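Below is one structure, written out as structure tokens; comments come after it.
Bear in mind that the values here come from a model prediction, so they are computed numbers and not experimental data. Order of the sequence lines sets the chain letters (A, B, ...), proteins ahead of strands, with each chain counted from 1.
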There are 2 protein chains.
Amino acid sequence: MLNNYNAEDKVLLAVDCIIFGFDQEDLKILLIKRDFEPEKGKWSLIGGFLKMTETLDDAANRILYHLTGFDKIYMEQLYNFSKIDRDPAERTLSVAYYALINIEDHDEKLIEQYSAKWFSIDEAPSLIFDHNQMVQKAILRLRRRAISKPIGFELLPEKFTMRQLQKLYESILDEELDKRNFINKINALDILVKLEEKDMTSSRKGSYLYQFDKEKYDRNVEDGITFKI
Amino acid sequence: MLNNYNAEDKVLLAVDCIIFGFDQEDLKILLIKRDFEPEKGKWSLIGGFLKMTETLDDAANRILYHLTGFDKIYMEQLYNFSKIDRDPAERTLSVAYYALINIEDHDEKLIEQYSAKWFSIDEAPSLIFDHNQMVQKAILRLRRRAISKPIGFELLPEKFTMRQLQKLYESILDEELDKRNFINKINALDILVKLEEKDMTSSRKGSYLYQFDKEKYDRNVEDGITFKI
DNA sequence: GCAAAAGTGTTTAACTTACACCCATGC
DNA sequence: GCATGGGTGTAAGTTAAACACTTTTGC
């Protein structure tokens with residue numbers, strides 16, 4: 001270990017974002033067509049480079065804001081990828097972040113402008129560099145989060161039906177869940193408010209809308225109390 | 001997002017290691033007295049800077065090897081800390097790794113040479129920069145790992161008693177466990193071999209020694225099958 | 001009236017927890 | 001013979017899993 005910082009190597013540090021969305025059917029990720037070399041024209045995660053004056057969280061937020069027009073998105077640092085030649089152009093490390101956004105909220109113009117597109121997880125194209133690996137790791141992390149705390153409301157509209165919530169969990173976990181057991185578990189958590197309103201778009205009978213209640217959540221789920229879907 | 005790598009900022013990237021050990025009583029971490037500025041003379045995690053020619057895992061291994069004389073240690077990347085002024089001398093990011101080593105195996109000479117010392121988790125001194133935060137995060141991660149897979153054999157000698165294993169888990173989780181329930185759960189995993197030998201140092205009756213069986217482990221626990229202590 | 005999705009409880013099985021006594025040995 | 005830590009099983013409680021029928025309403 002040296003005591004002279006000047007003698008040390010400096011590196012380029014990228015931040016790449018796995019942006020998850022949900023369209024009431026499938027879990028999706030937002031990808032862009034890369035418009036510069038290397039690998040121009042191929043699909044890629046959205047990313048950018050860390051600036052001297054920002055933290056990694058700042059950088060991830062900045063990058064996301066540029067593409068989607070939103071800040072205050074749920075976001076979490078995933079892993080630092082550091083294979084020597086992961087970027088053929090130059091030695092670059094990349095810190096992957098994953099983010100959850102409500103697919104209906106984003107600004108379509110911005111997305112067009114960046115040639116971005118939503119892909120279902122299983123239909124996503126092959127990506128540049130180690131981005132496929134990043135996505136895989138992000139899915140696993142999301143899955144682990146999802147079974148231990150009620151994450152994922154960020155992926156739904158403000159008001160949603162139980163069925164939508166269940167479908168979201170099914171697509172995150174990639175398995176079917178029992179309707180009654182699911183509802184019982186969610187209700188046991190006591191973190192939602194049932195509204196008077198019904199959603200009439202998906203059935204003749206209509207289904208009650210629910211809303212996530214942050215206060216209830218903090219009261220009932222904080223302190224790392226976990227549940228199991 | 002720019003398309004010219006040269007215009008981007010480069011940063012110093014440190015790797016800091018939280019080294020866990022276990023002395024049959026307490027969970028410990030290995031700290032060093034820093035012998036250079038800034039913060040010379042204060043306690044710190046062991047660390048170093050990433051070199052152009054190595055991955056983060058390489059760097060963490062190199063740093064650990066220098067201090068302990070061991071390679072092939074269990075190690076896992078924890079998080080990338082990036083607060084702007086975390087190092088007052090210069091903008092530096094740090095990727096924290098945590099490692100588990102058998103406290104009896106390490107090379108004491110090397111440790112003396114670096115003025116390193118083992119501290120019980122609750123008696124550790126205040127550390128430089130954001131190193132306390134790193135340690136906290138590492139403990140939480142270790143705890144989460146410990147309850148979901150039988151990690152931690154790296155912290156024990158090759159042959160160990162059930163009591164030792166239980167004490168290790170108790171010190172990781174910072175709670176007392178029931179002796180019978182613990183043994184039943186561990187046995188249910190079927191990943192240990194019970195030896196004929198007994199350890200006579202801790203009681204007159206002596207207690208059977210066990211050994212971790214990698215093959216059994218792979219056969220019975222692989223595929224992310226988790227358990228709960 | 002019928003198709004399509006919504007809503008609702010109970011029984012069974014699995015797992016987790018709590019708990020207390022005898023054993024072997026060295027001194 | 002007694003003090004010390006080692007070893008062992010069961011019953012009760014809790015949690016998770018499996019399961020099917022009725023309701024509403026637009027067409």
Side-chain angles (χ1 to χ4, degrees), chain A residues 24-25 143-144 146-150 156-157 159-171 173-211 220-221 224-229, chain B residues 23-25 143 146-150 156-157 159-171 173 175-211 220-221 225-229:
Chain A
Q24 319 311 331
E25 277 305 322
R143 221 166 261 173
R144 248 182 297 139
I147 55 175
S148 66
K149 52 180 190 172
L156 291 173
K159 299 172 183 178
F160 50 85
T161 66
M162 274 291 179
R163 189 75 193 140
Q164 283 176 288
L165 184 60
Q166 186 184 341
K167 277 193 173 169
L168 169 61
Y169 267 90
E170 288 179 334
S171 61
L173 302 176
D174 195 27
E175 64 178 304
E176 302 216 330
L177 300 172
D178 180 272
K179 184 166 54 160
R180 280 165 293 187
N181 292 340
F182 182 80
I183 292 173
N184 289 338
K185 282 176 189 174
I186 295 293
N187 283 335
L189 290 173
D190 191 22
I191 54 172
L192 301 182
V193 266
K194 187 176 189 169
L195 305 174
E196 293 301 308
E197 281 175 85
K198 282 191 162 191
D199 170 282
M200 302 306 292
T201 59
S202 68
S203 74
R204 313 207 196 290
K205 187 181 176 183
S207 57
Y208 283 105
L209 288 165
Y210 290 78
Q211 221 168 350
N220 300 328
V221 186
I225 294 164
T226 57
F227 71 116
K228 180 136 186 300
I229 287 292
Chain B
D23 68 352
Q24 318 310 331
E25 276 305 321
R143 220 166 261 173
I147 55 174
S148 66
K149 53 181 189 170
L156 291 172
K159 298 172 183 177
F160 50 85
T161 66
M162 274 291 180
R163 189 75 193 143
Q164 283 176 288
L165 184 60
Q166 187 184 340
K167 278 193 171 170
L168 169 61
Y169 268 90
E170 288 179 334
S171 60
L173 301 175
E175 64 177 305
E176 302 217 330
L177 301 172
D178 180 273
K179 184 166 53 161
R180 277 165 297 186
N181 291 341
F182 181 80
I183 290 173
N184 288 338
K185 281 176 188 173
I186 295 293
N187 282 336
L189 290 173
D190 192 21
I191 55 172
L192 301 182
V193 266
K194 186 176 189 169
L195 305 175
E196 295 299 309
E197 280 176 86
K198 282 190 161 192
D199 170 282
M200 303 305 292
T201 60
S202 67
S203 75
R204 312 203 196 293
K205 186 180 177 184
S207 57
Y208 283 105
L209 288 166
Y210 289 79
Q211 222 168 347
N220 299 329
V221 186
I225 294 163
T226 58
F227 70 115
K228 181 137 185 299
I229 285 294

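Applying the 3.5 Å distance criterion, the base of dA6(C) shares no donor-acceptor pair with the side chain of Arg180(A).
Rounded to whole angstrom, the span from the NZ atom of Lys198(B) across to the P atom of dT4(D) amounts to 19 Å. Note: CG (Leu165(A)) to P (dA6(C)) measures 13 Å, nearest angstrom. Here the P atom of nucleotide dT8(C) and the OH atom of Tyr208(A) are 8 Å apart, to the nearest Å. In this structure, Met200(A) places its CE atom 7 Å from P of dT25(D), rounding to the nearest Å. Phe182(A) places its CZ atom 19 Å from the P atom of dT15(D), with the value rounded to the nearest Å. Note: CG (Asp199(B)) to P (dT4(D)) measures 18 Å, nearest angstrom. Summarising the geometry, the separation between OH on Tyr210(B) and P on dG6(D) is reported as 12 Å, rounded to the nearest angstrom. Atom CG in Asn181(A) sits about 6 Å away from atom C1' in dA17(D), given to the nearest Å.
For Thr161(B) and Asn184(B), each mapped to the nucleotide of DNA chain D holding its nearest heavy atom, the one lying further toward the 5' end belongs to Thr161(B). Of the two residues contacting DNA chain C, namely Asp178(A) and Ser202(A), the nearest-nucleotide position lying further toward the 5' end is that of Ser202(A).
A sub-4.0 Å separation between OP1 or OP2 of dC22(C) and a side-chain N or O of Lys205(B) is absent. The phosphate of dA20(C) has neither OP1 nor OP2 within less than 4.0 Å of any side-chain N or O from Lys179(B).
Seen from the ring of Tyr210(A), Lys194(A) does not count as a face-on cation partner, given the 6.0 Å and 45° thresholds.
Side-chain proximity of Ile183(A) to the nucleotides dT8(C), dT8(D), dG9(C) is greatest for dT8(C). The side chain of Ser203(B) lies closest to dG5(D), out of dG7(D), dA18(D), dG5(D). Closest to the side chain of Arg204(B), from the set dG26(C), dT8(C), dA16(D), is dG26(C).
As judged by a 4.0 angstrom heavy-atom cut-off over every strand, Lys194(A) is placed among residues touching the sugar-phosphate backbone only.
Atom CG of Asp23(B) is separated from atom CG of Leu168(B) by 10.5 Å, given to the nearest 0.5 angstrom.
The side-chain heavy atoms of Gln24(A) and Pro157(A), taken from C-beta on, include a pair separated by under 4.5 Å. In this structure the side chain of Ile186(A) never reaches within 4.5 angstrom of the side chain of Gln166(A), judged on heavy atoms. Here the side chains of Asn187(A) and Met162(A) are in contact, with some heavy-atom distance below 4.5 Å.
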